[in-house]
Amino acid sequence: MIYEVSEGGETLRIELHEVGEGVYDLTVGGETVRVDAAKSGRTIYSVIEDGRQFEAMVEERGAHGFDILVSGRIHHLEAVDERSRLLAEQARTVATGPQTVEAEMPGKIVKVHLSVGAPVRVGQGVVVVEAMKMENEIRSPIDGVVKEISVSEEQTVETGQVLFVVEPPEAA
C-alpha cells in the first residue's frame, strides 16, 4: 500500500508491503527497512527495526490523522492511502450531486461508522466490509452528509449492492 504522510507541511511518500504476519517492508525516500510490528495494547505497538526494539503509542484523529508517540516525541501525522487520494481527486473533478457507493464484491458488513444525517469528509470511512478474509473500509467519495445507509452490521452484501449515499453540502 502506498501512503502520503504529512507532518508540519512536509509530505513523504511511504510504501508499506506486508511480507509476513506482522512483518513489513517500509520504503521512505527510496530506502527500505524491514519492521516487525505487533499490537501490545489498545493503542500501543511493539516494533523491531534493524534489531532495535521500541514502542509506539498511536491515537487516531479523524479519518486520516494520527498522533504517534515514539521515544518521547509526538508526531502529528496526516496519512492518506493512494486509493483515498485518487478518490478525492476524482470527486473534486467529476462528482456532482448525491454519490451512491456500492459493494465492489460480495462480503459481510462488519461495522457501520456513521448514521444518516452525519457529516462526512472525503476519504472518511463509512462502513467496513469483510471480503475474502480481509476487512475493507469503504470511504466517502466526497465531502457531504450521509443521506442513506442501506446496510447494517452482520448483513451480507452482493456485488453492486448499494452501501450508502452521500450528498454534497450544497444539496444537503
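If you're wondering where the values come from, they're calculated on a predicted model, not measured in any experiment.
- P141 and Q99 make their closest contact through CG-CB, 3.8 Å (heavy atoms, listed as atom of the first residue, atom of the second, distance).
- A continuous path of Ile, Leu, Val, Met, Phe, Trp and Tyr side chains, each step under 4.5 Å between heavy atoms, connects L114 with V101, placing both in one hydrophobic cluster.
- By the 4.5 Å heavy-atom criterion applied to side chains, V122 and S140 are not counted as neighbours.
- In terms of heavy atoms, P119 sits closest to Q124 at O-OE1, 4.2 Å.
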Exercise for the section: Kindly indicate, with the supporting measurements, whether the criterion side-chain contact (heavy atoms from CB on, under 4.5 Å) is fulfilled by E59 and R42. Expected result: CA-CA 10 Å; E59 290 286 338; R42 189 178 65 79; 4.2 Å; yes

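- E153 contributes a side-chain N or O that, together with a main-chain N or O of V112, makes up a donor-acceptor pair within less than 3.5 Å.
- Hydrophobic clustering, with ILVMFWY side chains joined whenever heavy atoms are under 4.5 angstrom apart, groups F54 together with V35.
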Practice task
With side-chain contact (heavy atoms from CB on, under 4.5 Å) as the test, would you mind laying out the steps for I109 and V157 before giving the verdict?
Solution key: CA-CA 7 Å; I109 303 299; V157 294; 3.9 Å; yes

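- Scanning both residues, G97 and P168, for their nearest heavy atoms gives O-CD, 3.2 Å.
- D36 places no side-chain N or O within 3.5 Å of a backbone atom of V23 that could act as its donor or acceptor partner.
- Tested against S46 for a side-chain hydrogen bond (donor to acceptor under 3.5 Å, both in side chains), the candidates Q53, E55, K39 yield a single pass: Q53.
- Taking all atoms of both residues into account, the shortest heavy-atom contact from G144 to P169 is CA-CD, 3.9 Å.
- Of the residues listed (E130, Q155, E154), the one engaging K108 in a side-chain hydrogen bond (donor to acceptor under 3.5 Å, both in side chains) is E154, and it is the only one.
- No option in V128, V126, V127 other than V128 meets the side-chain contact (heavy atoms from CB on, under 4.5 Å) test with H113.
- Using a 4.5 Å heavy-atom cutoff, the side chains of F164 and I138 are in contact.
- Contact check for N136 versus E104: no side-chain heavy atoms found under the 4.5 Å cut-off.
- Checked for salt-bridge contact, D25 and R34 meet the test: a charged N lies under 4.0 Å from a carboxylate O.
- Here the shortest heavy-atom pairing between P106 and T159 reads CD-OG1, 3.1 Å.
- Linking Ile, Leu, Val, Met, Phe, Trp and Tyr whenever their side-chain heavy atoms come within less than 4.5 Å puts V33 and V47 in one cluster.
- The shortest non-hydrogen separation linking V165 to P98 is CG1-CB, 4.0 Å.
- The hydrophobic cluster containing I68 also contains L26, counting ILVMFWY residues as joined when their side-chain heavy atoms lie under 4.5 angstrom apart, directly or transitively.
- Other residues, nucleotides and ligands place more than 12 heavy atoms under 6.0 Å from the CD atom of E18.
- Note on Y45 and V70: same hydrophobic cluster, where clusters join Ile, Leu, Val, Met, Phe, Trp and Tyr whose side-chain heavy atoms are under 4.5 Å apart, directly or indirectly.
- By the 4.5 Å heavy-atom criterion applied to side chains, E148 and V162 are counted as neighbours.
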